[in-house]
Amino acid sequence: MSVLVLLEQRGRLRKCAFEAASAARDTARAAGVPLNALYIGQSLADETAELAGLGIAQVFACENEALKYYSNDAYVGIVEGLVRELGAQVVIGSASALGKELCASVAARLDVDLIQDCVSCAWDNGLTAVKPLYAGKVLSTVRLTGTPAMVSLRPNVVSVVRDESPVPAIVHRPMPEVSLRSVLKAVSEAAAGVVELTEAKVVVSGGRGLGGPEGWPVLKELCTALGAALGASRAAVDSGWIHHSHQVGQTGKVVCPDLYIACGISGAIQHQAGMRPAKIIVAINKDPSATIFKVCDYGIVGDLYEIVPLLTQELKETL
Amino acid sequence: MKVVVLIKRVPDTASELQVAADGKSVVTGGLKFVMSPYDEHAVELAIQLKESHGAEVVVLSAGPPETKEIIRSALAMGADSGILVDTAQLGALTCRGTARLLAAALADLGADLVVAGKQAVDDDAAQVPERVAELLGIPHASVITRFELSGTTASVDREIEGGQYTLELPLPALFTTQKGINTPRYPTLPNIMKAKKKEIREVPAAQLGLAADSLSAQATTEAMTLPRQQRLCRVIEGDNAQRVKELVRVLHMEEKVL
Ligand SMILES: Cc1cc2nc3c(=O)[nH]c(=O)nc-3n(C[C@H](O)[C@H](O)[C@H](O)COP(=O)(O)OP(=O)(O)OC[C@H]3O[C@@H](n4cnc5c(N)ncnc54)[C@H](O)[C@@H]3O)c2cc1C
């Protein structure tokens with residue numbers, strides 16, 4: 001019996017890998033079983049030390065140049081094989097774009113239920129997890145009764161807590177034979193310095209109130225001052241002012257930053273769903289009766305083109 | 001070529017939700033139901049393949065009898081026929097069970113391509129189509145924003161955080177669609193009329209011959225709650241310079257989020 005955490009990498013281990021490991025350690029402790037980890041990628045070598053303090057007994061490393069990039073065909077069998085071999089009781093992955101796909105396929109292979117995108121999990125005579133439904137309009141507490149119990153954890157929610165535990169032992173796994181059906185032709189990664197929305201500590205979003213794409217430079221300056229990621233309402237996306245990957249909301253991304261600044265956004269229920277997990281919400285809107293002022297912590301009634309540049313200036317001076 | 005689209009009936013995204021008296025479910029009475037928005041992109045993709053490649057488009061959904069309404073919407077967009085796996089007689093289904101039902105219904109359809117929305121906006125489970133692909137033994141790619149077909153090979157862009165993978169997969173294969181791949185069309189009046197005559201085949205879940213334990217739930221809801229929503233709603237007053245200074249002060253000194 002053991003808990004297995006899947007460590008996601010994209011070149012380097014991702015932050016969500018450490019978050020999942022931290023949560024998995026707490027779960028394994030409560031269950032009184034060891035925690036193991038699985039790494040699939042090109043090479044873990046120089047990152048092993050970063051796995052100290054997470055209570056990982058052994059990290060199984062399947063390292064090969066051919067595994068550098070996620071491949072459903074190659075990865076699923078590796079995870080399935082190890083889970084079966086270890087008889088893992090709990091499997092915890094990350095609810096990232098690729099992590100969700102991996103977990104779904106593995107759960108199907110193992111023929112067990114899986115709860116994706118949980119905001120927490122705990123051990124209480126079995127695994128329980130808190131799962132947002134309807135983009136977070138409802139929170140559900142679920143008990144998993146399959147073996148293994150499988151969850152994926154939402155990035156940027158769990159904080160990484162380290163303890164005194166040592167660097168885990170590495171167990172090298174052989175590269176399995178796989179026939180690839182899906183062929184990776186190209187990978188494009190974010191430009192350096194661009195903060196990913198779902199992982200950002202601060203998000204600045206713009207809506208129809210920008211009046212046109214010419215508003216983004218104004219918001220981007222605020223983003224730069226804050227190290228923030230740029231979000232958008234659906235109205236801004238559907239107007240063709242910005243790529244859909246920036247959309248926040250029920251049919252966009254659910255973000256969980258410490259600070260969310262909504263500029264020229266009215267606060268429709270679908271938008272609220274995406275920003276709800278934010279710790280503090282600030283609204284800048286020229287209409288004092290806009291819904292956003294009922295669902296924010298701090299509001300400024302005014303023209304964003306006057307307020308935002310002043311705010312950027314003030315932040316530059318203060319921080 | 002045959003394209004099967006998996007769709008789901010969900011509450012309209014504008015719905016205000018309440019937890020039912022049992023504390024474990026959502027009150028559904030009085031809610032408006034629609035096709036899950038991401039599924040509309042899958043239907044649109046299929047209809048475009050009908051227009052470009054003469055594909056036959058079949059819409060498949062598992063759900064209560066009312067699901068026929070959203071199947072009808074897909075037919076009005078241009079799909080050829082529909083299949084409803086009626087789950088009214090089944091107990092609570094989890095994704096594992098739903099995927100088994102859909103895979104069983106797909107088994108003898110001979111689909112060259114299966115498409116579905118990247119997630120349904122009710123349970124946000126993001127796994128049923130991937131499970132179906134696994135059960136059918138066909139390759140898949142999730143969250144695609146581009147699809148191109150040449151011969152029996154599909155070339156797709158798959159979204160990842162801050163970037164994308166470009167993949168090639170041989171058909172038969174399954175894909176889940178993300179916003180950005182296309183703009184779902186609105187049904188025209190003539191098409192709405194035509195849809196009324198199109199066939200929706202109803203398959204009671206029991207007819208699919210699945211063992212009870214392959215549909216049983218391994219995840220049970222213990223409680224549902226509405227998230228605590230206590231926001232300060234403090235509107236900061238003063239002239240612009242004063243307000244901005246005060247905002248930065250509270251965020252920095254009081255809330256400590258800077
Ligand atoms: C199926 C479905 C799914 C949806 N999913 C999403 C989703 O995921 N995300 C999402 O955001 N929406 C979603 N929506 C759309 C949602 O209902 C709203 O239409 C949308 O959020 C409105 O965007 P907005 O606030 O930018 O625009 P508006 O509602 O038009 O608001 C613009 C605001 O800007 C203010 N303003 C104008 N000029 C200025 C200025 N110079 N300075 C300051 N303020 C100004 C106005 O007072 C107004 O409050 C969805 C809708 C449907 C039907």
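Everything numeric in this text was worked out from a predicted model, so none of it was measured. Naming: A, B, ... by sequence-line order, numbering from 1 per chain.
Contact of R10(A) with chain B is made through the side chain alone, with heavy-atom distances under 4.5 Å. Heavy atoms closer than 4.5 Å to chain B are found in both the backbone and the side chain of S182(A). Both the backbone and the side chain of I280(A) come within contact range of chain B, with heavy atoms under 4.5 Å apart. Of the two parts of K201(A), neither the backbone nor the side chain holds a non-hydrogen atom closer than 4.5 Å to a non-hydrogen atom of chain B. With a threshold of 4.5 angstrom between heavy atoms, V295(A) approaches chain B through N, CA, C or O but not through any side-chain atom. There is no contact between L135(B) and chain A, counting heavy-atom distances below 4.5 Å. Residue contact with chain A, scored on non-hydrogen atoms closer than 4.5 Å, involves the backbone and the side chain of A126(B) alike. Contacts between V128(B) and chain A at a heavy-atom distance below 4.5 Å are absent for every atom of the residue. In this structure, no portion of E237(B) lies under 4.5 Å from any heavy atom of chain A. Contacts between V106(A) and chain B at a heavy-atom distance below 4.5 Å are absent for every atom of the residue. Contacts of P11(B) with chain A are made by side-chain atoms alone, with heavy-atom separations under 4.5 Å and no backbone atom involved. Proximity to chain B (any heavy atom under 4.5 Å) is shown, for Q313(A), by neither the backbone nor the side chain. In this structure, the portions of D111(A) lying under 4.5 Å from any heavy atom of chain B include both its backbone and its side chain. There is no contact between T176(B) and chain A, counting heavy-atom distances below 4.5 Å. When heavy atoms are compared at a cutoff of 4.5 Å, I236(B) approaches chain A by way of both its backbone and its side chain. Heavy atoms of L251(B) lying under 4.5 Å from chain A belong exclusively to its side chain. Heavy atoms of R158(B) lying under 4.5 Å from chain A belong exclusively to its side chain. Residue contact with chain B, scored on non-hydrogen atoms closer than 4.5 Å, involves the side chain of V282(A) exclusively. Within the 4.5 angstrom heavy-atom criterion, no atom of A273(A) approaches chain B. Of the atoms belonging to T147(A), not a single heavy atom falls under 4.5 Å from chain B. Both the backbone and the side chain of I281(A) come within less than 4.5 Å of a heavy atom of chain B. Only the backbone of A141(B) comes within less than 4.5 Å of a heavy atom in chain A; its side chain stays farther off. Proximity to chain B (any heavy atom under 4.5 Å) is shown, for L310(A), by both the backbone and the side chain. Interface remark: D117(A) contributes no atoms to any contact with chain B (heavy atom separation under 4.5 Å).
Between L167(B) and V183(A), the closest side-chain pair of non-hydrogen atoms is not below 4.5 Å. Using a 4.5 Å heavy-atom threshold, the side chains of V121(B) and Y134(A) count as separate. Put simply, the side chain of H252(B) does not reach to within 4.5 Å of the side chain of L315(A), judged on heavy atoms. Two residues are said to be in side-chain contact when any heavy atoms from C-beta on lie closer than 4.5 Å; K100(A) and Q119(B) meet this criterion. Two residues are said to be in side-chain contact when any heavy atoms from C-beta on lie closer than 4.5 Å; R276(A) and P227(B) meet this criterion. Taking the side chain as every heavy atom from C-beta outward, I307(A) and N240(B) approach each other to under 4.5 Å. V187(A) is not listed as a side-chain neighbour of Q164(B), based on a closest heavy-atom distance of 4.5 Å or more. With a 4.5 Å cut-off on side-chain heavy atoms, E16(B) and I269(A) count as touching.
Using modelled atom types, no side-chain atom of E314(A) and backbone atom of V244(B) make a donor-acceptor pair closer than 3.5 Å. When atom types are taken as modelled, the side chain of E134(B) and the backbone of R109(A) share no donor-acceptor pair closer than 3.5 angstrom. Listed for the R243(B) side chain is a donor-acceptor partner under 3.5 Å among the backbone atoms of V301(A). Within the 3.5 Å criterion, the main-chain N or O of R231(B) finds no donor-acceptor partner in the side chain of D297(A). Remark: side-chain polar atoms of Y69(A) are not paired, donor with acceptor, to backbone N or O of Y165(B) under 3.5 angstrom.
The most heavy-atom pairs under 4.5 Å with chain B, out of A108(A), P288(A), G302(A), S245(A), come from A108(A). No other option in N72(A), L197(A), V76(A) has as many heavy-atom pairs under 4.5 Å with chain B as N72(A). Ranked by heavy-atom pairs under 4.5 Å with chain B, the list V202(A), D258(A), T141(A) is led by T141(A). Across G146(A), C296(A), S140(A), the residue that shares the most heavy-atom pairs under 4.5 angstrom with chain B is C296(A). Your options are L259(A), V195(A), I284(A), and the one with the most heavy-atom pairs under 4.5 Å with chain B is L259(A). With respect to chain A, the highest number of heavy-atom pairs below 4.5 Å among V156(B), D157(B), I138(B), T153(B) belongs to I138(B). Options T183(B), V143(B), L258(B) differ in how many heavy-atom pairs under 4.5 Å they form with chain A, and the most are formed by L258(B). When each of A99(B), G163(B), C233(B), A125(B) is checked for heavy-atom pairs under 4.5 Å with chain A, C233(B) comes out on top. When each of L114(A), T128(A), D73(A) is scored by its heavy-atom pairs under 4.5 Å with chain B, the top score falls to L114(A).
Between R96(B) and D113(A), no side-chain nitrogen of the basic residue sits less than 4.0 Å from a carboxylate oxygen of the acidic one, so the salt-bridge criterion is not met. Here K137(A) does not pair with D122(B) in a salt bridge; the nearest charged N to carboxylate O distance is not below 4.0 Å. Using a cut-off of 4.0 Å between Lys/Arg side-chain N and Asp/Glu carboxylate O, R14(A) and E161(B) are scored as salt-bridged. Electrostatic pairing of E255(B) and K279(A) does not count as a salt bridge here, judged by no charged N lying under 4.0 Å from a carboxylate O. A salt bridge is absent between R154(A) and D124(B); no separation between the charged side-chain nitrogens and carboxylate oxygens falls under 4.0 Å.
Between A107(A) and R131(B), the closest heavy-atom pair is CB-NH2, 3.3 Å. Heavy atoms only, all atoms of each residue included: A104(A) and E130(B) are closest at CB-CB, 3.6 Å. Heavy atoms only, all atoms of each residue included: R181(A) and P170(B) are closest at O-CD, 3.0 Å.
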- Message: side-chain contact (heavy atoms from CB on, under 4.5 Å), that's the test. Do Q116(A) and C95(B) meet it? Break it down for me.
- Response: CA-CA 11 Å; Q116(A) 298 266 43; C95(B) 295; over 6 Å; no
- Message: Let's go through T220(B) and V142(A) carefully: what are the C-alpha distance in whole Å and the side-chain angles of both, what is the deciding distance for side-chain contact (heavy atoms from CB on, under 4.5 Å) to 0.1 Å, and is it a yes or a no?
- Response: CA-CA 6 Å; T220(B) 48; V142(A) 185; 5.9 Å; no
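Within residues 18-42 of chain B, the residues approaching chain A closer than 4.5 Å by heavy atoms are, in numerical order, V26(B), P37(B), Y38(B).
A side-chain donor from one of Q270(A) and T13(B) sits under 3.5 Å from a side-chain acceptor of the other. For the residue pair K179(B) / Q247(A), a side-chain donor-acceptor distance below 3.5 Å is found, with atom types taken as modelled.
Around CG of D213(B), the count of heavy atoms belonging to other residues, nucleotides or ligands within 6.0 Å exceeds 12.
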